[in-house]
Amino acid sequence: MPFGKPKEPKAPKEKKPKPAQKPKSGKKPTPAKKPKPPKKVKPTKKPRKGAPPQGEEGQEGEQPGKKKPILLFILIPVVVAAVAAALVFFVIMPRLSNQDPDPSVTEEPKPPELPEELKVGEESVPGMALEADESGALAVLAKTITYTYTNLNDAGKAAETYVGQLKGADPPFSIVDEEFVRLKDAPDFTAAEGMVLLARNLPKPEPEEGAETPAPTEEPKEGESAAPDSSAQPSQSPPPEESAPPVDETPDMVLTVRITWSNAEGQCVVTADEAEGKVTSPPPEEVPPTYSIGIRQAENQIRSMTSAELGLSGTSMADYEVFPQDVLEMVDDVAYIRLNIYDSVAPYAFVGSYLMGVDGEHLYRLDDSTGELVELEFTLNLGGSESAAPESAAPATGAPESGAPESAAP
């Protein structure tokens with residue numbers, strides 16, 4: 001509990017009113033300024049030659065000198081940029097380009113390592129020495145081997161014997177020309193001197209291990225049928241694959257043996273070497289076509305010719321009858337068909353005999369009085385069939401009937 005009597009609250013103090021201010025006396029009004037007299041306008045002058053035209057009211061147009069401050073604000077940044085670009089191009093960049101890279105990366109070229117000596121029998125020849133500008137040069141030892149066989153009694157016979165050995169080797173060599181095409185005939189080894197070339201194909205190296213080979217397609221075994229889905233649905237072609245880059249194939253190589261002999265010197269020079277190429281066989285020879293002329297074709301050949309070609313006096317072959325004989329006659333080991341011709345106007349008067357070769361190459365007219373054969377020029381006509389000839393009556397003069405030959409005269 002508070003001790004003592006409580007204090008009574010004091011009454012708030014009242015603010016004293018401020019005394020009213022005296023109104024200030026009004027200021028004196030300032031007198032109005034007198035208007036300035038207008039400036040005198042100068043009379044317009046005549047413009048000089050080349051001066052800009054004046055305005056409509058006689059005032060001069062804007063002088064170009066007033067645009068100079070604006071142009072300066074535009075030109076100053078351009079000049080600064082040009083100076084900066086020139087500093088970069090002519091000062092900074094040359095210094096950067098002149099800085100050499102790491103000296104450990106570049107290496108100076110060195111002279112190639114080549115054999116110092118070339119052995120020739122028991123002697124040696126200094127090898128080729130090259131400078132650093134030929135740093136990529138290589139010395140490849142050739143595979144050519146040459147032997148000279150001397151003191152031979154018959155060099156040509158020795159060469160022939162050696163050729164027989166090479167042809168009987170395993171694998172065998174073949175006599176070829178310079179294009180490695182096989183020759184049927186061997187050279188004349190009895191000549192005083194000559195040359196023969198033999199060759200055989202070299203096998204290509206096997207592909208390196210790891211080369212991808214196409215996987216074999218699995219075929220159904222005996223007694224097993226294919227899956228039903230594969231037979232029901234049509235097979236879809238695989239998507240086209242991108243063409244692989246071409247692979248350099250190993251060229252074909254041949255092993256050659258060149259033999260040169262000389263009886264005068266009594267020696268054979270044998271040179272073995274490798275060359276790029278392939279031993280091939282010559283193309284097949286074009287054999288002329290052979291024909292087998294039958295009796296009907298021989299008859300048609302005579303009928304297709306004119307009477308003048310056969311040496312007859314008639315105007316047309318319709319005036320004659322042709323009767324082929326059924327016996328072949330041999331002339332120079334070639335079978336001929338005899339064809340007798342009769343005049344159809346004078347009843348079956350005998351005119352002459354002709355011999356047609358079954359090979360279709362020769363046609364002769366037989367002179368009955370002398371027995372001489374006169375060869376005639378003709379164009380082979382293979383028209384007509386080999387069917388049986390229609391029956392024809394033999395003439396009263398004893399001409400034989402036509403028919404197929406049954407035997408050949410010796």
Side-chain angles (χ1 to χ4, degrees), residues 114-130 134 137-207 248-291 332-334 357 359 361-362:
L114 302 174
E116 298 179 358
E117 294 182 350
L118 306 179
K119 290 291 185 179
V120 182
E122 297 180 356
E123 302 296 330
S124 62
V125 178
M128 183 182 293
L130 301 176
E134 296 288 353
L138 298 174
V140 180
L141 182 62
K143 298 181 180 180
T144 304
I145 299 176
T146 302
Y147 279 91
T148 302
Y149 298 85
T150 60
N151 300 328
L152 299 175
N153 296 327
D154 190 343
K157 185 176 181 180
E160 184 178 7
T161 303
Y162 186 40
V163 169
Q165 294 175 3
L166 294 177
K167 293 176 69 175
D170 186 20
F173 285 79
S174 301
I175 299 176
V176 296
D177 59 11
E178 297 297 334
E179 301 296 331
F180 308 130
V181 179
R182 293 184 178 93
L183 299 177
K184 293 182 178 180
D185 301 328
D188 183 10
F189 292 103
T190 61
E193 58 183 17
M195 188 275 298
V196 60
L197 178 63
L198 297 96
R200 67 176 176 86
N201 294 322
L202 290 175
K204 287 189 176 183
E206 297 181 358
D248 296 336
E249 296 183 356
T250 306
D252 296 323
M253 302 295 293
V254 296
L255 180 60
T256 63
V257 178
R258 189 182 299 272
I259 305 170
T260 305
W261 74 86
S262 174
N263 288 331
E265 299 177 0
Q267 67 178 16
C268 283
V269 180
V270 179
T271 303
D273 196 3
E274 286 185 3
E276 184 175 345
K278 187 176 183 180
V279 177
T280 58
S281 298
E285 297 181 357
E286 294 184 0
V287 180
T290 58
Y291 304 101
D332 296 334
D333 298 330
V334 178
D359 56 0
E361 295 184 1
H362 302 282

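Residue numbers count from 1 along this sequence.
A 4.5 Å side-chain heavy-atom check between Phe189 and Val163 finds at least one atom pair inside the cut-off. Counting heavy atoms from C-beta on, the side chains of Asn201 and Lys278 come closer than 4.5 Å. You'll find the side chain of Leu198 stays beyond 4.5 Å of the side chain of Thr256, heavy atoms only. Within the 4.5 Å cutoff, the side chain of Leu183 has heavy atoms near those of the Asp177 side chain. Side chains of Tyr162 and Ile259 form a contact here, defined as non-hydrogen atoms less than 4.5 Å apart. Between Trp261 and Tyr149, the closest side-chain pair of non-hydrogen atoms is not below 4.5 Å. Residues Asp252 and Glu276 are not in side-chain contact: their nearest non-hydrogen atoms beyond the backbone lie 4.5 Å or more apart. Contact annotation: the side chain of Glu117 never approaches that of Val125 to less than 4.5 Å [non-hydrogen atoms, C-beta and beyond].
In this structure, the separation between CD1 on Ile145 and CD on Glu274 is 9.5 Å, given to the nearest 0.5 Å.
Of all heavy-atom pairs spanning Leu114 and Met128, the tightest one is CD1-O, 3.5 Å. When every heavy atom of Ser281 is checked against every heavy atom of Val181, the shortest pair comes out as C-CG1, 4.1 Å. Taking each heavy atom of Lys119 and Ser124 in turn, the nearest pair found is CD-CB, 4.2 Å. The two residues Leu130 and Ala137 make their nearest non-hydrogen contact at CD1-CB, 3.7 Å. Across all their heavy atoms, Leu152 and Ala158 have their closest contact at CD1-CB, 4.2 Å.
The local environment of CG in Asp188 is crowded, with over 12 non-hydrogen atoms from other residues, nucleotides or ligands closer than 6.0 Å. The local environment of NZ in Lys157 is sparse, with at most 12 non-hydrogen atoms from other residues, nucleotides or ligands closer than 6.0 Å.
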*Run the side chain to side chain donor-acceptor pair (under 3.5 Å) check on Thr271 and Arg258 step by step: do they pass?*
CA-CA 5 Å; Thr271 303; Arg258 189 182 299 272; over 6 Å; no
_For Arg182 and Val279: C-alpha separation, side-chain torsions, deciding distance, then whether side chain to side chain contact (heavy atoms under 4.5 Å, CB included) applies._
CA-CA 7 Å; Arg182 293 184 178 93; Val279 177; 3.8 Å; yes
*Are Val254 and Leu202 close enough, and set up right, to give a side chain to side chain contact (heavy atoms under 4.5 Å, CB included), and what steps lead you there?*
CA-CA 5 Å; Val254 296; Leu202 290 175; 5.7 Å; no
Expected list for residues 263-270: side-chain donor-acceptor pairs under 3.5 angstrom, two or more places apart:
| residue | atom | partner | partner atom | Å |
| --- | --- | --- | --- | --- |
| Asn263 | OD1 | Ala155 | N | 3.0 |
| Asn263 | OD1 | Gly156 | N | 3.1 |
| Asn263 | ND2 | Ala191 | O | 3.2 |
| Glu265 | OE1 | Gln267 | NE2 | 2.7 |

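Using a cut-off of 4.0 Å between Lys/Arg side-chain N and Asp/Glu carboxylate O, Lys143 and Asp273 are scored as not salt-bridged.
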